[in-house]
Enquirer: 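Here it is, the structure in full.
All values derive from a computational prediction rather than experimental measurement. Order of the sequence lines fixes the chain letters, A, B, ..., with proteins taken first and strands second; residue numbering starts at 1 for each chain.
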Protein chains: 2
Amino acid sequence: MKRTIFLYSLALAALVFLLKFLEYRFIIRDLSLEFYFGIVAILFTALGIWAGLKLTRKKIILAGPEFILNESKLQKLGISKRELEVLELISSGLSNQQIADKLFVSPNTIKTHSSNLFIKLEVSRRTQAVQRAKELKLIP
Amino acid sequence: MKRTIFLYSLALAALVFLLKFLEYRFIIRDLSLEFYFGIVAILFTALGIWAGLKLTRKKIILAGPEFILNESKLQKLGISKRELEVLELISSGLSNQQIADKLFVSPNTIKTHSSNLFIKLEVSRRTQAVQRAKELKLIP
DNA sequence: AAATCAATCACCCGAAAGGATGATTCTCAG
DNA sequence: CTGAGAATCATCCTTTCGGGTGATTGATTT
C-alpha cells in the first residue's frame, strides 16, 4: 500500500516533469494547447488505470478464498458445536473410529452425532453431508 | 464491455467539454496553465481508476470460482476418463448403486473403478478421495 | 499377430457406515 | 426444583464400502 502510493507519486512527478519539459520546449511552436491536454489526459488515464488495479487486486484476491461460518443456518438447522466438530472431521475424510480417537469418545457417540447430522442436513451419506455443508457454508 | 467503453467515451467527452468551457472562460484570467493541467490530471486519473476497475472487476470475479481441470496430474496418476466420471459422481454424494444406475453399468463395475481410483489417489475412503481430488484440481 | 490397457462384470469377505431405539449424565433456563 | 437440550454410550440389525482376485471384451499400439 505504502509502496504503491510512493510509486504513484513518483510516476506523477515524472509525468509533471515530462510535461514541464514539453511545455518549455514546444509551447511556442505550432502544436496547440489541446494537444498537451490530450497527452495529459492519456497519460493520467493510464496512470489511473494502473493505480486502480494495483490498489484493488490484492483485496479482491484475498476476498476470494475467504471463509465465514454461516451461524444463522447453523442455528436454523439446530446443529450443535459438537456436531459441527464431527462434521468437519467427517469432511476431512476420517472414519468414525478415527474421529472417536481424536475426540476421546466412543465410536458409538460419533455414530449418534453423525446420524443426527444426517437428519438435520437431510442427507443419508457422509459424502452428501460434506457436499451439503459446503453449500451451506458450514465448513470451508 | 461495449457498455463500459461507451460510458468511458461519454465521460471523456464530458470532461473535454468541461475543459473547453473552463478554457474559454478563465484562460485569460489569473489562473495559470499548471492549474488546468492539474485539473486534467486529477480528472483523468479518477477516470482511469474507475475505468480500470470496471474493465477488470468482471474478469477477476469470474476468475475466482473458475475451475480448470488439471490434466497433467490426471495423466501422471493414470486416471482414465471413466474413472474421473465415477470420481465426480462419488464427490456429488452418490452411492455405488446410484452411480451404476446413472451410468447404466453394474455396481460391480463401479466398485472396480472406485477401488482403482483409491489406489491411484492413495486413499482408502471415498470421502478422502473427494478431498484429495479437489486438492489436485481433478474436480471442482 | 501379440501385447497392452480401458472398461466391463462377478464373487467373497470383512470392515465401515447408517437407522432405530433407549439410557445416563450434566447444564442451564424457566 | 423441574424440564429441555446437549453429550455421552450401548445394542441390534441392515446396507454400503473396500480389498482381493479373476475373467471377458474391444480398441490401440507395437
Enquirer: What is the distance, to the nearest angstrom, from the CZ atom on A:Arg126 to the C1' atom on C:dA16?
Expert: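 To the nearest whole Å, that distance equals 8 Å.
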
Enquirer: If you define the side chain from C-beta out and look only at heavy atoms, does anything of A:Leu138 sit under 4.5 Å from A:Leu121?
Expert: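 Yes; the side chains approach each other to less than 4.5 Å.
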
Enquirer: With distance as the sole criterion, is a donor-acceptor pair present between the side chains of B:Arg126 and B:Asn96 under 3.5 Å?
Expert: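 A pair is found: one side chain offers a donor N or O, the other an acceptor, under 3.5 Å apart.
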
Enquirer: Without decimals, in angstroms, what is the distance between A:Lys81 NZ and C:dC26 P?
Expert: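 Rounded to whole Å, this separation is 18 Å.
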
Enquirer: At how many degrees, to 10°, do the end axes of the helix from C:dA1-D:dT30 to C:dG30-D:dC1 meet when each uses five pairs?
Expert: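 Helix axis angle between the two ends: 50°.
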
Enquirer: Between P on D:dG5 and CD on A:Gln75, what's the gap in Å once rounded to a whole number?
Expert: 14 Å

Enquirer: Is B:Ile68 reachable from B:Leu77 through a run of hydrophobic residues whose side-chain heavy atoms are each under 4.5 Å from the next?
Expert: no

Enquirer: Rounded to the nearest angstrom, tell me the gap between atom CD in A:Gln128 and atom C1' in C:dG19.
Expert: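 Rounded to the whole Å, the gap is 15 Å.
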
Enquirer: Do other residues, nucleotides or ligands put more than 12 heavy atoms under 6.0 Å from the CD atom of A:Glu122?
Expert: no

Enquirer: Nearest-Å distance, CG (A:Leu87) to P (C:dG18)?
Expert: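 Atom-to-atom, A:Leu87 to C:dG18, this comes out as 12 Å.
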
Enquirer: I need the residues from residues 90-120 of chain A with at least one non-hydrogen atom less than 4.0 Å from DNA chain C; give them sorted by number, or say none.
Expert: A:Ser95, A:Asn96, A:Lys111, A:Phe118

Enquirer: Cut-off 3.5 Å, side chains only: do B:Arg125 and B:Gln131 have a donor facing an acceptor?
Expert: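 Note: B:Arg125 and B:Gln131 side chains miss the donor-acceptor criterion.
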
Enquirer: Counting only heavy atoms not in A:Lys120, do more than 12 sit closer than 6.0 Å to its NZ atom?
Expert: yes

Enquirer: Quick one, A:Leu69 and A:Leu84 - any side-chain contact, counting heavy atoms below 4.5 Å?
Expert: yes

Enquirer: Ignoring backbone atoms, test whether A:Arg125 places a side-chain nitrogen or oxygen under 4.0 Å from the OP1 or OP2 oxygen of C:dG18.
Expert: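 For C:dG18, OP1/OP2 do not have a side-chain N/O of A:Arg125 under 4.0 Å.
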
Enquirer: What is the separation between atom CZ on B:Arg82 and atom C1' on D:dT25, rounded to the nearest whole Å?
Expert: 15 Å

Enquirer: Quick one: does any side-chain atom of A:Ser114 pair with a main-chain N or O of A:Ile110 as donor and acceptor, under 3.5 Å?
Expert: yes

